[in-house]
Chemist: 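Take a look at this one; I'll ask things after.
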Amino acid sequence: MTHVVRPATLADLPALHRMAQATGGGFTNLPPDEATLTGKLTRAGAAFARQDDTHEDDLYLFVLEDAVTGEVRGTCQIMARIGCRWPFYSYRIGALTQVSAQLGRAFRAETLTLCTDLDGASEVGGLFLDPAARAGGLGRLLARSRYLFIERHRARFAARTIAELRGMHDAAGSSPFWDGLAGRFFGLPFAEADAFNAIHGNQFIADLMPRQPIYVAMLTDAARAAIGRPHHSGAPAMRMLEGEGFAFDCYVDIFDGGPTMIAETDAIATLRRARTLPLGARAEVPEGMPALVSAGRLGAFRCGEVRLACHGDAVSLAAADADALGLAIGDPVTFVAE
């Protein structure tokens with residue numbers, strides 16, 4: 001096993017701050033602000049330490065660590081219950097049909113309506129991988145590790161899980177959707193508004209955004225084209241989400257118009273396919289099957305990709321892999337065959 005996913009701690013702050021500075025903007029869940037990141041790590045530490053398995057307003061923050069050097073190469077997050085600290089705003093794409101009997105014509109207008117329909121869902125997000133590590137399936141490991149964490153702590157998460165994908169924006173930090181819609185009400189450039197939201201929350205949206213439906217036809221061509229489209233760097237993430245059973249269901253981000261992907265939690269492919277068996281042996285398994293494996297609960301959670309042999313009622317792992325996952329003989333192993 002070359003890399004392991006584990007819960008983040010305050011000691012990971014420098015690595016997280018370095019990665020946050022490299023995101024290029026639009027990563028609300030990973031702002032390049034040390035105080036905000038420290039607050040996230042503190043909040044995540046409390047979530048990992050909480051022992052009662054109930055669905056609360058928890059944040060779980062993870063890092064991808066090189067199993068040999070200990071270097072942190074990536075990060076991801078799970079928000080257990082969105083919409084608790086402040087409403088979770090989205091635009092819902094709808095339509096309004098109007099008919100004129102005198103003209104004998106019907107007109108169907110696409111609309112965007114500010115809503116909080118997704119409050120209470122769980123959210124997977126904040127996934128970022130060092131550019132130098134974007135090979136060998138490490139992004140997929142990071143993404144899927146979150147589903148195994150949910151599977152091992154199912155009572156802490158909602159019946160529905162969402163993922164917001166970053167929308168279209170350019171290298172200068174402009175978003176055509178923001179410029180064509182919300183930016184007209186706030187008088188702020190996209191990068192500034194997005195950074196403010198990441199640090200202070202989005203109550204200013206409730207204070208200033210109009211409650212009436214927005215007619216899409218009144219937006220600029222560039223803003224219309226951005227609705228529901230992921231940033232080019234997010235296309236692989238969208239395909240991974242679709243492979244897990246997520247789908248775009250007419251909700252978009254209020255800042256950049258990026259698509260919100262939604263799945264029934266229990267129908268997520270990695271959760272549905274996961275099995276849990278005890279570790280029966282710590283031995284080399286050269287003929288074993290490749291598998292995504294997780295072990296441990298809460299702060300002791302570990303996840304990685306290994307070769308695993310299944311013997312009906314138990315599994316075998318190489319001793320080095322078992323050590324990296326913190327496994328002893330008899331411990332439960334949750335795995336998904338690749």
Side-chain angles (χ1 to χ4, degrees), residues 3-17 19-20 28-31 33-67 70-86 88 119-128 141-159 161-162 198-199 201 265 268 270-271 274 276 279 292-304 322-328 330-334:
H3 291 79
V4 63
V5 177
R6 61 164 175 81
T9 70
L10 283 169
D12 297 310
L13 176 61
L16 288 171
H17 187 241
M19 288 187 287
T28 305
N29 291 323
L30 196 66
D33 180 82
E34 287 193 354
T36 302
L37 292 172
T38 299
K40 280 179 168 285
L41 287 165
T42 301
R43 183 181 167 201
F48 287 120
R50 185 171 67 84
Q51 294 302 308
D52 53 317
D53 276 339
T54 52
H55 184 206
E56 306 292 344
D57 178 27
D58 288 326
L59 168 67
Y60 300 96
L61 182 56
F62 305 89
V63 293
L64 176 73
E65 182 179 81
D66 188 300
E71 181 183 4
V72 171
R73 310 295 297 278
T75 183
C76 62
Q77 301 174 33
I78 313 172
M79 285 63 73
R81 188 175 182 177
I82 59 175
C84 293
R85 299 193 170 200
W86 44 70
F88 185 88
D119 277 359
S122 296
E123 180 184 3
V124 292
L127 192 153
F128 182 78
L141 166 60
L142 260 177
R144 297 178 72 207
S145 69
R146 299 174 298 190
Y147 309 135
L148 287 190
F149 184 87
I150 293 173
E151 198 279 336
R152 293 185 69 86
H153 309 86
R154 184 64 188 84
R156 293 180 173 232
F157 299 96
T161 299
I162 73 163
I199 296 172
T265 303
I268 295 173
T270 295
L271 269 78
T276 300
L279 180 64
L292 178 70
V293 174
S294 70
R297 279 183 53 79
L298 299 171
F301 176 81
R302 300 290 185 274
C303 184
D323 288 340
L325 294 166
L327 282 167
D331 287 345
V333 179
T334 300

Chemist: Once the angle between the rings of Phe301 and Phe149 is folded into 0 to 90°, is it parallel (under 30°), tilted (30 to 60°) or perpendicular (over 60°)?
Modeler: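 Judged by the thresholds at 30° and 60°, the geometry between Phe301 and Phe149 is perpendicular.
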
Chemist: Which pair of non-hydrogen atoms, one from Gly304 and one from Leu325, has the smallest distance, and what is that distance?
Modeler: N-CD2, 4.0 Å

Chemist: Do the side-chain N and O atoms of Ser122 and Thr161 include a donor-acceptor pair separated by under 3.5 angstrom?
Modeler: no

Chemist: Using side chain to side chain contact (heavy atoms under 4.5 Å, CB included), reason through Leu61 and Asp12 one step at a time and then give a plain yes or no.
Modeler: CA-CA 11 Å; Leu61 182 56; Asp12 297 310; over 6 Å; no

Chemist: Hey, what do you get for CG (Leu64) to OG1 (Thr75), rounding to the nearest 0.5 Å?
Modeler: 9.0 Å

Chemist: Quick one: OG1 on Thr334 to CG on Leu148, what's the gap to the nearest 0.5 Å?
Modeler: 7.0 Å

Chemist: So which heavy atom on Ala328 is nearest to which on Leu279, and how close?
Modeler: O-CD2, 3.6 Å

Chemist: Mind checking whether Arg154 and Thr265 have side chains closer than 4.5 Å, heavy atoms only?
Modeler: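 They are in side-chain contact.
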
Chemist: Tell me, with the steps shown, if Leu41 and Thr9 meet side chain to side chain contact (heavy atoms under 4.5 Å, CB included).
Modeler: CA-CA 6 Å; Leu41 287 165; Thr9 70; 5.9 Å; no

Chemist: What closest approach, in Å, do Pro7 and Gly299 show between heavy atoms, and which atom pair accounts for it?
Modeler: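 Shortest heavy-atom contact: CG-O, 3.6 Å.
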
Chemist: Is the distance between the ring centroids of Phe62 and Phe48 less than 6.0 Å?
Modeler: yes

Chemist: Is there a donor-acceptor pair under 3.5 Å between the side chain of His153 and the backbone N or O of Asp53?
Modeler: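 Answer holds: no.
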
Chemist: Could you check Leu59 against Lys40 for side chain to side chain contact (heavy atoms under 4.5 Å, CB included), going step by step and ending with a plain yes or no?
Modeler: CA-CA 8 Å; Leu59 168 67; Lys40 280 179 168 285; 3.9 Å; yes

Chemist: So Leu292 and Cys303, do their side chains get closer than 4.5 Å, heavy atoms only?
Modeler: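 Side-chain contact under 4.5 Å: yes.
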
Chemist: Measuring only between side-chain heavy atoms, which start at C-beta, is Asn29 closer than 4.5 Å to Phe128?
Modeler: no

Chemist: Measure from the side-chain N and O atoms of Glu151 to the backbone N and O of Ala274, and report whether any donor-acceptor pair falls under 3.5 Å.
Modeler: no

Chemist: Among Arg302, His3, Arg73, Arg6, which residue satisfies the side-chain hydrogen bond (donor to acceptor under 3.5 Å, both in side chains) criterion with Glu65?
Modeler: Arg6

Chemist: When you measure from the side chain of Arg152 to the backbone of Gly296, do you find a donor-acceptor pair of N or O atoms at a distance under 3.5 Å?
Modeler: yes

Chemist: Determine whether Leu37 and Leu30 make a side-chain contact, defined as any pair of heavy atoms from C-beta on separated by less than 4.5 Å.
Modeler: yes

Chemist: Which heavy-atom pair separates His55 from Gly120 by the least distance, and what is that distance?
Modeler: CE1-O, 3.4 Å

Chemist: What distance do Arg146 atom CZ and Leu271 atom CG have between them, rounded to the nearest 0.5 Å?
Modeler: 12.0 Å

Chemist: Which heavy-atom pair separates Val4 from Ala324 by the least distance, and what is that distance?
Modeler: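 Shortest heavy-atom contact: CG2-O, 4.2 Å.
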
Chemist: Applying the salt bridge (Lys or Arg N to Asp or Glu O under 4.0 Å) test to Asp58, which of Arg43, Arg50, Arg81 qualifies?
Modeler: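 For Asp58, the salt bridge (Lys or Arg N to Asp or Glu O under 4.0 Å) test succeeds with only one of Arg43, Arg50, Arg81, which is Arg50.
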
Chemist: Do you know which two heavy atoms are closest between Arg156 and Ala47, and how far apart they sit?
Modeler: NH1-O, 3.2 Å

Chemist: Are Met19 and Val72 close enough, and set up right, to give a side chain to side chain contact (heavy atoms under 4.5 Å, CB included), and what steps lead you there?
Modeler: CA-CA 10 Å; Met19 288 187 287; Val72 171; 3.8 Å; yes

